Amino acid sequence: MTGMRTTNAARGDVTDVTDTANRRARTQALVAKDAAHVWHPFTQHSRWLGDDPLVVDRAEGMYFWDTDGNRYLDGVSSLWVNVHGHAHPKIVEAVTSQLQRLDHTTFLGLTHEPGIELAQRLAELAPSGLNRVFYAGDGSSAVEAAIKMAYQAHAQNGGVRPLIVHVAEGYHGDTLGAVSVGGIELFHQTYRSIMLETRQVGSPGVRSAEQSAQARAAEVLQELRDLMAAHVDQVCAIIIEPMVQGAGGMLTHDASFVQGIRAICDDTGAYMIADEVATGIGRTAKMWAVDHAGVSPDLLTLGKGVTAGMLPLSAVLATEEIYEAFLGSPASARTFFHGHSYTANPPAAAAALANLDLMATDNTLANAQDVADQLARNLAPLADHPGVMEIRRIGTMTGIEVHPVTERTGFDVCQWARRHGVWVRPLGDVVILMPPLAIQPAEVDTLTATVTAAVDAVVR
Ligand SMILES: *Cc1c(COP(=O)(O)O)cnc(C)c1O
């Protein structure tokens with residue numbers, strides 16, 4: 001298998017025996033401290049140590065290295081955030097010089113150049129009509145802000161609309177508002193009794209093999225129209241992940257679904273919130289996933305890739321109409337009462353600006369389309385593998401659904417790939433591939449060859 005990397009080859013830079021022993025001792029000491037004190041996200045700690053924790057030491061380009069000196073190809077962009085590879089010198093330089101000039105101040109009652117320049121850049125790049133930029137810290141906090149904006153804008157325009165409508169299998173983050181509009185039973189049912197009041201429709205991405213994507217989109221849109229008719233003037237917003245429900249397992253849907261949401265929002269006055277935290281900034285090989293459908297939402301959330309995966313930053317893009325609903329005298333209480341300690345953190349904003357500069361000069365969107373085409377070509381044979389149920393993909397966002405043959409089949413496939421120098425992380429029995437947008441053809445070949453071999457080894 002060309003391009004395959006064995007664990008031994010990946011250890012190529014470990015030469016000296018003492019060196020190896022020292023590295024091993026350091027790893028073991030770190031893992032022991034981790035086990036004593038750290039609580040990891042989305043992690044069952046009764047299994048953590050048994051799964052041989054990987055301690056990351058450093059990263060460069062498409063790779064990172066563990067403390068034992070093993071090298072791994074970053075096949076999921078460090079959980080869907082990385083764009084140009086790790087430690088890109090231009091972004092490192094932008095962040096470093098920003099830190100030296102202005103590290104951080106509040107954005108409450110103050111403003112600064114990186115925050116201003118980034119807002120202008122995002123407004124220029126945004127789908128039409130989205131001219132206002134409100135910063136937050138993570139994708140979840142952007143979703144919280146968007147929900148509050150939608151509710152408050154309606155209330156201040158004379159209509160209190162307490163309901164938010166969302167989609168089964170949707171994922172919008174882990175804070176409570178975001179969980180309230182989530183539709184993944186495993187993640188969200190635990191917190192059901194402390195959630196906001198919402199209504200859910202079926203997932204446009206879940207359908208039988210006989211049903212077309214268009215037919216499924218039409219079916220869910222009809223369900224939505226019926227729901228809206230039953231709750232006239234009660235729904236302040238409909239939130240969707242346009243084109244693909246990422247955490248739901250890369251469930252792709254037809255563009256007519258996104259267009260239909262726009263039409264229903266126009267008819268009912270509900271705001272359309274497009275959660276582009278995962279899909280935005282080129283991940284689907286267009287700047288925004290809504291570009292595939294040719295529509296503009298009223299509110300758009302972005303995060304993950306905006307800083308190219310270097311620092312936490314997110315934002316809500318809003319229309320002027322929504323923004324204007326918040327204008328009034330200080331006594332009118334029409335202010336948007338929301339903000340975070342690190343809102344518009346200057347080095348994060350500088351990283352985002354450097355990212356957007358690089359995307360323009362390096363033609364990153366075109367590269368992402370090449371990556372997408374190569375993923376499609378390389379993975380086509382795997383679709384016929386008896387262990388594979390379905391491969392779903394839009395742009396570089398790829399899900400390979402495997403047949404469950406062990407308790408954690410997806411995980412076992414990823415562990416096999418890890419032992420062969422490729423890091424990927426599953427969602428249940430869906431193995432996710434989402435390489436950095438700037439990845440090059442030889443590395444894509446390594447990624448797909450290793451994952452293909454992993455599926456072959458684990459699912460038979
Ligand atoms: C990851 C994600 C979020 C949450 O972002 P965090 O930065 O993890 O809080 C929200 N929405 C979507 C669609 C996501 O994929």
Side-chain angles (χ1 to χ4, degrees), residues 40-43 76-83 134-150 164 166-184 186-188 191 196 198 203-205 237-253 257-258 261 272-284 288-290 292 297 299-317 338 340-343 345 348 351-352 355 392 394-399 425-428 430 432-434:
H40 288 269
F42 281 91
T43 297
V76 287
S77 299
S78 287
L79 226 68
W80 316 1
V81 298
N82 197 282
V83 177
F134 184 89
Y135 293 111
D138 293 288
S140 307
S141 52
V143 168
E144 298 291 328
I147 290 171
K148 285 172 72 177
M149 279 176 187
I164 306 143
H166 56 99
V167 180
E169 307 306 330
Y171 177 82
H172 301 285
D174 300 322
T175 50
L176 270 181
V179 166
S180 301
V181 293
I184 301 178
L186 177 66
F187 300 168
H188 300 142
Y191 311 101
L196 302 174
T198 66
S203 166
I238 303 175
I239 183 166
I240 63 161
E241 291 163 87
M243 301 307 289
V244 56
Q245 297 181 289
M250 295 303 145
L251 299 168
T252 52
H253 55 250
F257 181 71
V258 183
I261 296 288
M272 174 178 175
I273 305 176
D275 180 357
E276 296 239 20
V277 170
T279 51
I281 320 286
R283 203 56 72 173
T284 69
W288 312 104
V290 290
H292 292 271
L299 294 159
L300 183 151
T301 53
L302 62 94
K304 289 199 168 98
V306 68
T307 62
M310 203 171 284
L311 288 165
L313 182 90
S314 66
V316 184
L317 309 184
H338 188 109
H340 300 286
S341 310
Y342 288 96
T343 294
N345 176 247
N355 175 28
R392 299 180 287 267
I394 179 168
T396 64
M397 303 174 75
T398 313
R425 194 179 149 84
L427 288 160
V430 184
I432 304 299
L433 273 57
M434 206 187 293

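Keep in mind that what you see is a predicted model, and the values were worked out from it rather than measured. All ligand and atom numbering here is 1-based and tracks the order in the structure.
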Given side chains that start at C-beta, do those of Met250 and Met434 come closer than 4.5 Å, heavy atoms only?
yes
Got a second to check how far Glu241's CD is from Thr301's OG1, nearest 0.5 Å?
9.0 Å
Purely on distance, is any nitrogen or oxygen of Trp80 under 3.5 Å from one on ligand 1?
no
As an exercise, identify every atom of ligand 1 less than 4.0 angstrom from a heavy atom of Ala278.
15 (O)
Separation of Asn345 CG from Leu311 CG (nearest 0.5 Å)
6.5 Å
Do the side-chain N and O atoms of Glu144 and Ser141 include a donor-acceptor pair separated by under 3.5 angstrom?
no
With a cut-off of 4.0 Å, which atoms of ligand 1 are near a heavy atom of Asp275?
10 (C), 11 (N), 12 (C), 13 (C)
If we ignore angles and hydrogens, is there a donor and acceptor under 3.5 Å between the side chains of Asp174 and Ser140?
no
To the nearest 0.5 Å, tell me how far Leu313 CG sits from Asn355 CG.
10.5 Å
Heavy-atom distances under 4.0 Å decide this one: backbone, side chain, both or neither, for Asp138 against ligand 1?
both
Is the shortest N/O to N/O distance between Ser141 and ligand 1 below 3.5 Å?
no
If you measure from each non-hydrogen atom of Lys304 to ligand 1, which part falls under 4.0 Å: side chain, backbone, both or neither?
side chain
Please could you name the atoms of ligand 1 that Gly139 approaches to less than 4.0 Å, counting only its heavy atoms?
4 (C), 5 (O), 6 (P), 7 (O), 9 (O)
What atoms of ligand 1 come within less than 4.0 Å of a heavy atom belonging to Ser140?
4 (C), 5 (O), 6 (P), 9 (O)
